Amino acid sequence: MTATRVLVLNSGSSSVKYQLLDMRDRSRLAVGLVERIGEQTSRLRHTCLASGDTREHTGPIADHDAALKAVAGELGRDGLGLDSPELAAIGHRVVHGGMFFTEPTVIDDEVLAEVERLIPVAPLHNPANLTGIRTARALRPDLPQVAVFDTAFHTTMPEQAARYAIDPKIADRHRIRRYGFHGTSHAYVSRETARLLGKDPAEVNVIVLHLGNGASASAVRRGRCVDTSMGLTPLEGLVMGTRSGDLDPAVIFHLARVGGMSMDEIDTLLNKRSGLFGLCGDNDMREIRRRIDEGDEEAALAFDIYIHRLKKYIGAYYAVLGTVDAVAFTAGVGENAAPVREAAIAGLEGLGLAVDPELNAVRADRARLVSPEGARVAVAVVPTDEELEIATQTYALVGKNN
Ligand code: ADP
C-alpha cells in the first residue's frame, strides 16, 4: 500500500493544531486543536471529515507529550492512527529557520540542534515547535518528519531588503536581519494568485497582504520574495491585532528612560497590548466595524491607522516591484473584511488599483478577483491554506527521498 497521508502539526506554546490530509486528492481526513495545554481546562476538539463527527474533551492535559498522545488516540478511534501504514510523513510548522533553512527539511538531530540554536531570535515560537517535533518523533521514530519554516520563502530577499542599517559586524554577531514570517502563506497565496490570473508564478509580480491577527505584507517578483514587512521578529510592519508594527525605535528608549518601564514590560506592551487592541480595546475587525457603524470614534481612528499603514506598504512594495500584476488579500481580515479591502485600495487609481464594490461585497471561500474588469492591476481575495502548503511541501520532499 502506498503511503499518501500527511499529518500537519502546528505546535504553539500552549496549543497544538493538526490536520491529516490525503495527498492523492489533497482532501482533509481529520482536523483538530488542543488548547490551554498545561492548564486544568485544556480542551481537545477533533473532527473526522469522513463521518462528520466532532468530539470534544475538556480536562487537564499536562504537556505536549500528553496532547499528542490524545490526538493520536482520537485519530486512532477514526481508523486514522499514527501507526497506519498509509501515513507517509509528519509535517511540522517551524516559525524561525534563520538564514540556514531555505527549504523544507527532513528532520534529524542536526536539524533539531540548529532550530534550537535559533531560539534567541524566536524565543516565543521555536521552543514550542521543538517540543512538538520531539514528541512526534518519540511516538513514531521510524516515520519521516519534515520541518517547514515560516521564514524560508523570504530567504530570497536581496541584502538591501534584508539588512538593517546598523553596523554589520554587530548585526551578524547577533544574527540581526529581516527574516520575515508567514512565509508559507505568502508562498501559497502568491502562487494561487498567479493561477487565478491564468499565469505562471514566474510571469507575475504580486503584493501579498496577509491580514490575520498577525499581519504582514510581501513583495513577490516572479515567484520569489524580494521584501516583506515583518523583520527580526513578527513585531515589525503592519498594524496587527495586538502588535504595534512599525514605530520609531527610540519609543523604546523613551518608555524605558522616561516612562520607567522594564524591557519585559515594553515587550509585552508592543507585542500583546498594542495594535488595534491597544488603540481601541478590540482586536477583532468584526467588532471594530460594528463599533464604527455605531459612531464610535476610537474604533474609527484605530481603523484609519490600520488602513494608513496598509496603504503605505502597498505603495512601498509597488515601488520595490516597479510593475505589479496583482494585490492579493488573505487571512481572516483580508479574506472576510470587505471594508478593509475597499479602504486600503481607495484613492490608488493612479497606480491602476481599484475595487469593484459589488464584487468586493461577495462572500465566498474561493479565490476571486474584486477589481473591475479590465483593471490594469488585479485586486484578488485568495484564501490562504498553510496546512495544505505544509502537507504539499512535506509530501513532495518525502516522495523525492523515497
Ligand atoms: P491568526 O491565524 O493570525 O490568528 P486569522 O487569519 O484566523 O488569524 O484571522 C483572525 C482575524 O480575522 C480575527 O481577529 C478577526 O479580526 C478577523 N476576521 C475573521 N472573520 C472576519 C469577518 N467576517 N470580518 C472581519 N474580520 C474577520
Side-chain angles (χ1 to χ4, degrees), residues 8-19 31-36 45 93-95 122 124-125 128-129 148 150 180-189 192 208-218 228-230 233-245 271-294 296 299-300 302-307 309-310 328-344 355 360-368 370 381-390:
V8 176
L9 286 181
N10 182 352
S11 308
S13 55
S14 64
S15 70
V16 175
K17 290 186 203 149
Y18 63 94
Q19 291 197 2
V31 301
L33 166 69
V34 189
E35 294 174 288
R36 298 193 288 273
R45 193 182 157 85
R93 176 185 183 215
V94 180
V95 168
L124 296 179
H125 295 104
N129 301 158
V148 178
D150 260 24
F181 299 89
H182 293 144
T184 309
S185 176
H186 286 284
Y188 177 83
V189 170
E192 288 300 305
V208 178
L209 303 170
H210 176 110
L211 311 177
N213 207 13
S216 64
S218 69
T228 193
S229 60
M230 283 178 167
T233 76
L235 183 55
E236 194 181 348
L238 300 174
V239 176
M240 311 183 206
T242 65
R243 298 190 195 115
S244 62
N271 272 298
K272 303 221 167 100
R273 292 197 285 115
S274 295
L276 291 168
F277 176 77
L279 286 164
C280 73
D282 271 308
N283 60 344
D284 192 312
M285 193 53 83
R286 287 163 287 202
E287 187 56 19
I288 290 170
R289 290 303 311 172
R290 196 191 57 73
R291 283 173 56 185
I292 294 172
D293 289 343
E294 286 177 353
D296 186 322
F303 184 82
D304 290 347
I305 293 170
Y306 183 95
I307 296 297
R309 185 82 51 84
L310 204 48
F329 286 86
T330 193
V333 175
E335 291 167 30
N336 296 299
V340 167
R341 298 191 294 261
E342 186 188 323
V355 157
N360 193 39
V362 174
R363 297 192 61 85
D365 53 12
R366 60 185 156 74
R368 59 202 186 272
V370 295
V381 181
V382 180
T384 193
D385 196 335
E386 286 160 283
E387 290 78 14
L388 176 60
E389 179 70 14
I390 291 171

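Predicted model, so just to flag it, every value in this text is computed and none were measured. In each ligand, atom 1 is the first atom listed, and ligand 1 is the first ligand listed.
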Please work out, at 4.0 Å between heavy atoms, whether the side chain, the backbone, both, or neither of V340 comes within that distance of ligand 1. neither
Measure R363 to ligand 1 on non-hydrogen atoms and call it side chain, backbone, both or neither using the 4.0 Å cut-off.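 It is the side chain that gets close, since no backbone atom is under 4.0 Å.
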Mind checking the [atom1]-[atom2] spacing from [X] to [Y]? Nearest 0.5 Å is all I need.
{"X": "E287", "Y": "I292", "atom1": "CD", "atom2": "CD1", "answer": "10.5 Å"}
{"X": "R243", "Y": "R273", "atom1": "CZ", "atom2": "CZ", "answer": "15.0 Å"}
{"X": "E236", "Y": "S244", "atom1": "CD", "atom2": "OG", "answer": "10.0 Å"}
{"X": "E389", "Y": "T184", "atom1": "CD", "atom2": "OG1", "answer": "6.5 Å"}
{"X": "F181", "Y": "L235", "atom1": "CZ", "atom2": "CG", "answer": "10.5 Å"}

Purely on distance, is any nitrogen or oxygen of H210 under 3.5 Å from one on ligand 1? no
What about L211: any of its N or O atoms under 3.5 Å from an N or O on ligand 1? no
Does G241 come within less than 4.0 Å of ligand 1, judged by its heavy atoms?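 It does not, in that no heavy atom of G241 comes within the 4.0 Å cut-off of ligand 1.
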Could you walk me through whether L238 and Y306 pass side chain to side chain contact (heavy atoms under 4.5 Å, CB included), step by step? CA-CA 7 Å; L238 300 174; Y306 183 95; over 6 Å; no
For a quick test of reading the model, state the closest non-hydrogen atom pair linking A299 to D296 and the distance between them. N-OD1, 3.1 Å
Ignoring hydrogens, what is the shortest heavy-atom contact between Y188 and P383? Give both atom names and the distance.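 Heavy atoms only, the tightest pair is CE2-O, 3.5 Å.
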Single hit among N129, V148, D150 for side chain to side chain contact (heavy atoms under 4.5 Å, CB included) with R93: D150
Among protein heavy atoms, which sits nearest to [atom], and what does the distance come to when rounded to 0.1 Å?
{"atom": "atom 10 (C) of ligand 1", "result": "N213 N, 3.9 Å"}
{"atom": "atom 9 (O) of ligand 1", "result": "G332 CA, 3.3 Å"}
{"atom": "atom 23 (N) of ligand 1", "result": "N336 CB, 3.4 Å"}
{"atom": "atom 15 (C) of ligand 1", "result": "D284 OD1, 3.4 Å"}
{"atom": "atom 17 (C) of ligand 1", "result": "V333 CG2, 3.6 Å"}
{"atom": "atom 14 (O) of ligand 1", "result": "N283 O, 3.8 Å"}

My question is simple, although I want it checked carefully: is atom 2 (O) of ligand 1 less than 4.0 angstrom from any protein heavy atom? no
For atom 20 (N) of ligand 1, state which one of E386, R286, M285, E287 supplies the nearest heavy atom.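 Comparing heavy atoms across E386, R286, M285, E287, the nearest one to atom 20 (N) of ligand 1 lies in R286.
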So if I count the atoms of ligand 1 from 1 in the order they appear, which ones are less than 4.0 Å from some heavy atom of [X]?
{"X": "G214", "value": "3 (O)"}
{"X": "A331", "value": "6 (O)"}
{"X": "A337", "value": "25 (C)"}

So, T330 side chain and V382 main chain: donor-acceptor pair closer than 3.5 Å or not?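 Yes, the answer is positive, given that a donor and an acceptor are paired below the 3.5 Å cut-off.
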